[in-house]
Q: 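Mind looking over this structure? Questions follow.
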Amino acid sequence: QVQLVESGGGLVQPGGSLRLSCAASGNILSINAMGWYRQAPGKPRESVAAITSSGTTSYADSVKGRFTISRDNAKNTVYLQMNSLKPEDTAVYYCNANLYSDYDVTLAMDYWGKGTLVTVSS
């Protein structure tokens with residue numbers, strides 16, 4: 001059984017910072033890409049940032065220059081440093097990982113966390 005657990009969300013004022021963490025656990029053999037998505041009320045889920053197993057990163061245009069994604073492969077953990085937060089960043093942030101587990105060693109599958117709420121408001 002694989003689990004992804006996010007932490008670090010909360011209430012922050014505009015211009016502030018937060019750091020999200022997501023730890024993957026369970027019968028994991030290897031992890032490919034990891035990423036962060038978000039879903040604001042009444043809007044579809046959107047990709048925020050992603051990082052490959054070798055460390056190549058990509059970002060949504062709306063967060064470039066403000067957010068930084070990183071990962072610790074030894075800990076199966078991905079992070080999202082969010083700076084200069086804006087009210088429009090308010091959303092539930094979800095962690096995603098594409099990985100091989102002993103459930104099926106031949107097929108990489110996507111797993112999701114349950115999400116952590118980020119609220120940017122004065």
Side-chain angles (χ1 to χ4, degrees):
Q1 187 79 5
V2 174
Q3 284 189 319
L4 273 63
V5 179
E6 302 100 337
S7 62
L11 174 64
V12 63
Q13 292 186 343
S17 298
L18 280 177
R19 189 190 193 211
L20 305 183
S21 300
C22 171
S25 63
N27 298 326
I28 297 169
L29 299 179
S30 65
I31 302 178
N32 297 322
M34 302 184 80
W36 290 95
Y37 290 71
R38 67 186 181 187
Q39 187 166 20
K43 293 187 177 181
R45 189 175 298 189
E46 63 175 356
S47 175
V48 174
I51 184 167
T52 67
S53 57
S54 60
T56 300
T57 59
S58 60
Y59 297 93
D61 288 343
S62 59
V63 307
K64 280 181 181 176
R66 300 188 297 122
F67 290 10
T68 302
I69 189 171
S70 60
R71 64 190 280 176
D72 184 332
N73 291 331
K75 296 181 178 179
N76 289 341
T77 298
V78 64
Y79 306 96
L80 186 68
Q81 178 66 43
M82 305 185 294
N83 298 328
S84 302
L85 282 160
K86 304 175 181 180
E88 51 263 44
D89 294 318
T90 295
V92 177
Y93 283 71
Y94 297 91
C95 172
N96 168 270
N98 180 265
L99 58 86
Y100 291 93
S101 72
D102 63 1
Y103 175 78
D104 186 338
V105 300
T106 66
L107 178 65
M109 297 177 66
D110 280 330
Y111 291 85
W112 292 88
K114 293 184 178 180
T116 185
L117 177 63
V118 172
T119 303
V120 184
S121 175
S122 55

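Numbering starts at 1 and runs along the sequence shown.
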Q: Quick one: side chains of residues 8-32, donor-acceptor pairs under 3.5 Å with protein atoms, not counting sequence neighbours, listed by atom name and distance.
A:
unit_1: S17; atom_1: OG; unit_2: N83; atom_2: OD1; d: 2.9
unit_1: N32; atom_1: ND2; unit_2: N98; atom_2: OD1; d: 2.8

Q: If you round to the nearest 0.5 Å, how far is CG of N96 from CE of M34?
A: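 Reported value, rounded in 0.5 Å steps: 8.5 Å.
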Q: Just by distance, do the side chain of Q39 and the backbone of V92 share a donor-acceptor pair under 3.5 Å?
A: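 Not a single qualifying donor-acceptor pair exists.
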Q: Looking only at heavy atoms, which two atoms of A91 and R38 are closest? And how far apart?
A: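 Distance-wise, the nearest heavy atoms are CB-CB, 3.8 Å.
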Q: If two hydrophobic side chains count as joined below 4.5 Å and joins carry through other members, does Y111 share a cluster with L107?
A: yes
Q: Should we count CD of Q1 as having more than 12 external heavy atoms under 6.0 Å?
A: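 Incorrect, the count does not exceed 12.
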Q: Working to the nearest 0.5 angstrom, can you tell me the gap between M82 CE and I69 CD1?
A: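 That separation rounds to 11.5 Å.
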Q: In Å, rounded to the nearest 0.5 Å, how long is the span from OH of Y93 to CG of L117?
A: 10.0 Å
Q: For residues S54 and T52, is any side-chain donor paired with an opposing acceptor at under 3.5 Å?
A: yes
Q: Show the nearest heavy-atom pair for residues V48 and Y37, with the distance to one decimal.
A: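 Looking at all heavy atoms of both residues, the closest pair is CG2-C, 3.9 Å.
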Q: Is there a side chain to side chain contact (heavy atoms under 4.5 Å, CB included) between Y100 and T106 once you walk through the steps?
A: CA-CA 7 Å; Y100 291 93; T106 66; 6.0 Å; no
Q: Classify the ring geometry of Y94 against W112: parallel below 30°, tilted from 30° to 60°, perpendicular beyond 60°.
A: perpendicular
Q: I need the S62 OG to E46 CD distance, nearest 0.5 Å.
A: 5.5 Å
Q: How many angstroms lie between CG in N73 and CD1 in I51, if you round to the nearest 0.5 Å?
A: 8.0 Å
Q: Would you mind reporting whether Y103 and M109 have side-chain heavy atoms less than 4.5 Å apart?
A: yes
Q: Could you report the tightest heavy-atom contact between S84 and R66, atom names first, then the distance?
A: O-NH1, 3.0 Å
Q: Locate the shortest heavy-atom distance separating V120 from K86; write the atom from each residue and the value.
A: CB-O, 3.2 Å
Q: With rounding to the nearest 0.5 Å, note down the distance linking CG in L80 to CH2 in W36.
A: 6.5 Å
Q: Test your reading of the model: is there a side-chain donor-acceptor pair from T77 to the backbone of K75, 3.5 Å cut-off?
A: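 Here the side-chain-to-backbone pair exists.
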Q: With a 4.5 Å heavy-atom cut-off, do C95 and V78 have their side chains touching?
A: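 They are in contact (side-chain heavy atoms under 4.5 Å apart), so the answer is yes.
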